[in-house]
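Take a look at the structure below.
Remember, predicted model here, so these are calculated numbers, not experimental data.
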Amino acid sequence: MREFGDAPSVNRRRFLQGATAAGITAAAGCLGGGGGGDGRVPMDVEEWPPEDIESNLNMWNWYDSWAEWAIDAFGDEFDVQVSNSGYSSPDQWYSQLEADNSDIDNIAATTNWVERSINNDFLHELPVDIMPAWENITDRIKEASSYQQDGSVYAVPESLVLYPLTYNDEYFDEAPSSWGVLWDEEHEGNICMWDNATVSCQIAAMYTGQDPIQPDDYDEIEEVLVQQKPLLQTYWGDYQQGMSLFVNEDVVAGPLTMGRTYTARFQEGAPVHYTAPDEGAMYTSDLFVIPKGAPNPMASLQFTNWASETENAAKLFETMGYQPAVDISDELSEEDAEFTNWPDDWNLVFSETLSDEVRSRYDEIWTAVKAA
């Protein structure tokens, strides 16, 4: 396994000792406080369950199919009216936190945005020591998530998110071993890239042998992305569009999340699979957070614990294809278990929060590439 300097590249064998040895793991719905307004915050809860939870819950969760199910399942169990605002970019909810949030109760957020929110004091601390479902989160996924600062916990891991190379397994005799497949003229017009500065620049960094977190040759990253551009059929902008390219067999290889690959394969019947190229693949985690200003913090706390119960977490995999943060091995079919069984030697690179300089340079590169 190749290490990128000091970046926390993870050998899958070590990772699975905890994660799969235990088991594989619009607008805001402004419904108001519904009896919440008593000034309580999550850390005021000393015994479980929290008493007198509010009658409303306003989620921002981009696992839309799971959230649609959870609206009824959680709402019926706890007599809570639940709304969900799906979102396509984290800055949509982050800007509301910057403006002193008064609408959002619960967010499913990526690791780097959670880190940013913690650093800016936008999140409630959580009493995980008394939350029963906290014990369901596997230790390795806790280690792969940024959810605490100075001993205080501000988030509960929801899922593990892999950014692999997705490919048509009828077109290829075997899984491509390198990101170089996306620069191969043999596949001209049949490949795609994600219209995302960070993702695409990190793929290019790995392809050129650089650390995707701290690259040392930005000119080379820009050069190879410009060289790649005429070979592409398209850049895809949202997850549904990216998945549809594979479902319709318009492309044979490109970046796509593991969850969308699962949906394409098992729900749409597309001949697709995924792999981590030898150069590495990025991974991160999504986490539940309760932002300060949440009008219904007790309902949000109850929901966070409920979502981490095994049967409810298993529904996340069933509906979205992402690995939840809890052990759902007993819930998986043989086919699903095989799909989630990552080879031991995969080289995974944790998607640390980029420095302002790297993020800015990636944005500059992507602007130049798109204009080329």
Measure the shortest side-chain to side-chain distance between [X] and [Y] over non-hydrogen atoms and say whether it is less than 4.5 angstrom.
X: F339; Y: Y262; value: yes
X: L231; Y: I191; value: yes
X: E279; Y: S178; value: yes
X: F246; Y: L256; value: yes
X: I213; Y: Q202; value: yes
X: L225; Y: K229; value: no
X: N347; Y: D278; value: no
X: T310; Y: E331; value: yes

Determine whether the side chains of [X] and [Y] contain a donor N or O and an acceptor N or O closer than 3.5 Å.
X: N296; Y: D105; answer: yes
X: N106; Y: S300; answer: yes
X: E98; Y: N120; answer: no
X: S333; Y: E335; answer: no
X: D79; Y: S55; answer: no
X: Y87; Y: N61; answer: no
X: T110; Y: T284; answer: no
X: W62; Y: D286; answer: yes

Inset, instruction - Check step by step if salt bridge (charged side-chain N to carboxylate O under 4.0 Å, His left out) holds for D100 and K292. - result: CA-CA 8 Å; D100 296 328; K292 290 186 175 179; over 6 Å; no

Inset, instruction - Look at the aromatic rings of W66 and F288 and report parallel, tilted or perpendicular, splitting at 30° and 60°. - result: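 Correct class here is tilted.
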
Inset, instruction - Give the ring-plane orientation class for Y322 versus Y63, where under 30° counts as parallel, over 60° as perpendicular and anything between as tilted. - result: perpendicular

Looking only at heavy atoms, what is the nearest atom pair of [X] and [Y], with distance?
X: I221; Y: P215; answer: CD1-CB, 3.8 Å
X: A109; Y: W93; answer: CB-CZ2, 3.5 Å
X: Y362; Y: P212; answer: OH-O, 2.8 Å
X: F303; Y: F74; answer: CA-CE1, 3.5 Å

Inset, instruction - Would you please test N58 and D103 for side chain to side chain donor-acceptor pair (under 3.5 Å) and show each step? - result: CA-CA 7 Å; N58 311 320; D103 295 326; over 6 Å; no

Inset, instruction - Could you walk me through whether D91 and S89 pass side chain to side chain donor-acceptor pair (under 3.5 Å), step by step? - result: CA-CA 5 Å; D91 58 10; S89 175; 2.8 Å; yes

Inset, instruction - Output all residues satisfying salt bridge (Lys or Arg N to Asp or Glu O under 4.0 Å) with D195, sequence neighbours left out; order by chain, then residue number. - result: K370

Inset, instruction - Starting from the C-alpha separation in whole Å, work towards a yes-or-no answer on side chain to side chain contact (heavy atoms under 4.5 Å, CB included) for N190 and V251. - result: CA-CA 4 Å; N190 293 313; V251 298; 5.5 Å; no

Where the side chain of [X] meets the backbone of [Y], is there a donor-acceptor pair that is under 3.5 Å apart?
X: S360; Y: D356; result: no
X: R359; Y: L354; result: yes
X: T275; Y: A175; result: no
X: E338; Y: E334; result: no
X: Q81; Y: L57; result: no
X: W236; Y: P255; result: yes
X: S200; Y: A197; result: no
X: Q148; Y: V153; result: no

Inset, instruction - Answer yes when D52 and R40 have at least one side-chain N-carboxylate O distance shorter than 4.0 Å, and no when they do not. - result: no

Under 3.5 Å, sequence neighbours excluded: what are the donor-acceptor pairs made by side chains of residues 180-188?
| unit_1 | atom_1 | unit_2 | atom_2 | d |
| --- | --- | --- | --- | --- |
| W183 | NE1 | V224 | O | 2.7 |
| D184 | OD1 | E186 | N | 2.9 |
| H187 | ND1 | Y171 | OH | 2.9 |

Inset, instruction - Could you please spell out the steps behind the ring-ring contact (aromatic ring centres under 6.0 Å, His included) verdict for Y283 and F350? - result: CA-CA 5 Å; Y283 79 100; F350 184 65; 5.4 Å; yes

Inset, instruction - For the pair S355 and E357, evaluate side chain to side chain donor-acceptor pair (under 3.5 Å) and give the outcome as yes or no after the intermediate values. - result: CA-CA 5 Å; S355 69; E357 177 186 0; 5.1 Å; no

Inset, instruction - Indicate, with yes or no, if L123 and V41 share a hydrophobic cluster defined by side-chain heavy-atom contacts under 4.5 Å among Ile, Leu, Val, Met, Phe, Trp and Tyr. - result: no

Inset, instruction - Say whether M43 and L287 are linked into one hydrophobic cluster, either directly or through other cluster members, by side-chain heavy-atom distances under 4.5 angstrom. - result: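 Result: no, two separate clusters.
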
Legend entry - Test: R260 cationic atom under 6.0 Å from Y239 six-membered ring centre, within 45° of axis: no

Inset, instruction - Give a yes/no verdict on a cation-pi contact between R116 and Y94, requiring under 6.0 Å between NZ or CZ and the six-membered ring centre and an angle within 45° of the axis. - result: yes

Inset, instruction - Answer yes or no: are there more than 12 heavy-atom neighbours, outside E311 itself, under 6.0 Å from its atom CD? - result: yes

Legend entry - Heavy atoms of other groups near E68 CD, more than 12 under 6.0 Å: no

Legend entry - Derivation and outcome, side chain to side chain donor-acceptor pair (under 3.5 Å), residues E268 and T263: CA-CA 7 Å; E268 301 293 338; T263 300; over 6 Å; no

